[in-house]
Amino acid sequence: MPQLCVIPGDGIGLEVIPAATAVLQAAIPHLELIEAEAGWTYFQKHGVSVPEATLTAVRACGAGLFGAVSSPSRKVAGYRSAILTLRQELDLYANIRPVTSWPNVSPRPGIDMIIVRENTEGLYSGRERLENGDPETAVAERVITRRASLRIGRRAREIMQSQGRRKLTIVHKANVLPLTDGLFRDCVREVFDGETAVTIEELLVDVAALKMVAEPERFDVIVTTNLFGDILSDAAAYWGGGLGLAPSLNWGEGCAVAEPVHGSALDIAGQGIANPIAAILSGALLARHVWGLAEAAEAIETAVTRVLSTQPNLQGTTAVATAVIKALP
Ligand code: NAI
Ligand code: MG
């Protein structure tokens, strides 16, 4: 029986996650839910953004659904971002972001790509310092390892094999960063060595950004390092209909946490108007990739397609979730 650790977090996370779990429970009746806490509000009360109990619960379930958390934009003593903590503590090394054209909400049809982003190192390794204590020179180190590059390559290959996808774009900047991005590129190529079903191309990240704007339908699977993937996938999310529709999956070995790409959206929190579809589609990613329930994942995606086709102007977190449940095949 699949188990899910539910972590609503802050802001609209508290609204979209219950909506998404209602859909998941309708599509997967034997799903067992366990509630857990994390985030900024939790930190303010308890001095830690992710309690040990939450990590234990996600590990025990093997799957989590995370809403969003608020983060201060300046350093706060003792505060560590909740989602970064989850990614690091659970070694969720792959960030999977599919982008699909949805009826009525996507700016253009025919887009169907998956961005596979390395989620543990690169510029987000957390190695930031002032050079020799000089407050006028700040340095961040960009770490690329063979181990992390090989495993993200393997994850991309696994996704491509399971979904019959045939074109891989390796996005890097090896012309300027030959040691780090050269290593990343070579490792991914090594993983795909002899994989005759897959065509591999390389794009420099700046060219990839241009193509993401100009011809997004050309992409199938993109594999890239942490920062590049972060930026490219938000740009790509535009084509899927924006933040309200963008799902993601942080995926390690035997453990995964799905989350909508959006944040806690404090500007609309508490009003019941947040779009729950990003969270609902994140749940579908758990079904497909983690629980091996491809049929349930497809049922949820079909229901979302039906709702967007027939009621494109439907508003309200609960109303949208209820409509999706009704539209389940
Ligand atoms: P945001 O994603 O929360 O919101 C950006 C804009 O999109 C806002 O105008 C918001 O109203 C709108 N929006 C987002 N999701 C929506 C939805 N489901 N339905 C309708 N409209 C939606 O990003 P923002 O405003 O930069 O950050 C707010 C807080 O969230 C910050 O504290 C930030 O640190 C945090 N954040 C957390 C993330 C996470 O938990 N993974 C990711 C991004 C931001
Ligand atoms: Mg998020």
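Every number for a ligand or one of its atoms is a count from 1 in the order of the listing. If you read the sequence from its start, that first residue is 1, and numbering goes on from there. Just the heavy atoms: all of them, side chains too, but no hydrogens, waters or symmetry mates, feed the values below.
Atoms of ligand 1 lying under 4.0 Å from any heavy atom of F66, numbered from 1 in the order shown and given with element: 40 (O). Listed by number with element, the atoms of ligand 1 under 4.0 Å from a non-hydrogen atom of S70 are 32 (O). Ligand 1 places these atoms under 4.0 Å from at least one heavy atom of A68: 40 (O).
In the candidate list N275, L86, I268, I268 is nearest to atom 22 (C) of ligand 1, counting heavy atoms. In this structure, of G11, S71, G9, the residue bringing a heavy atom nearest to atom 34 (O) of ligand 1 is S71. The option with the heavy atom closest to atom 14 (C) of ligand 1, from among E259, E15, H262, is H262. The option from A82, P72, G263, G13 that lies nearest to atom 42 (C) of ligand 1, judged by heavy atoms, is G263. Comparing V69, I12, D267 against atom 40 (O) of ligand 1, the shortest heavy-atom distance belongs to V69. When the heavy-atom distances from atom 28 (C) of ligand 1 to A38, A265, G242 are ranked, the shortest goes to A265.
Formation of a donor-acceptor pair under 3.5 Å by the S101 side chain with backbone atoms of R108 is found in this model.
Crowding of R129 atom CZ: a count of heavy atoms from other residues, nucleotides or ligands under 6.0 Å exceeding 12.
Of the listed residues (T225, D206, D181, T224), just one forms a side-chain hydrogen bond (donor to acceptor under 3.5 Å, both in side chains) with K173, and that residue is D206. With L245 as the partner, the side chain to side chain contact (heavy atoms under 4.5 Å, CB included) test is satisfied by one option alone out of T100, V99, N275: N275.
At a threshold of 4.0 Å, the pair D220-R166 does not count as salt-bridged, since none of the basic side-chain nitrogens sits closer than that to a carboxylate oxygen. For D186 and R146, the salt-bridge test fails: no basic side-chain N is under 4.0 Å from an acidic carboxylate O. Contact check on D91 versus R151 returns a salt bridge, with a Lys/Arg side-chain nitrogen under 4.0 Å from an Asp/Glu carboxylate oxygen.
A tilted orientation is assigned to the rings of H289 and W251, their planes being inclined by 30° to 60°.
Ligand 1 lies within reach of A274, whose nearest heavy atom is under 4.0 Å from it. Using a non-hydrogen distance threshold of 4.0 Å, W40 does not register as a contact of ligand 1. Residue contact annotation: L266 has no non-hydrogen atom under 4.0 Å from ligand 1.
Under 3.5 Å, the side chains of Q88 and R80 contain a donor-acceptor pair of N or O atoms.
Only side-chain heavy atoms of L243 come within less than 4.0 Å of ligand 1; its backbone N, CA, C and O stay farther off.
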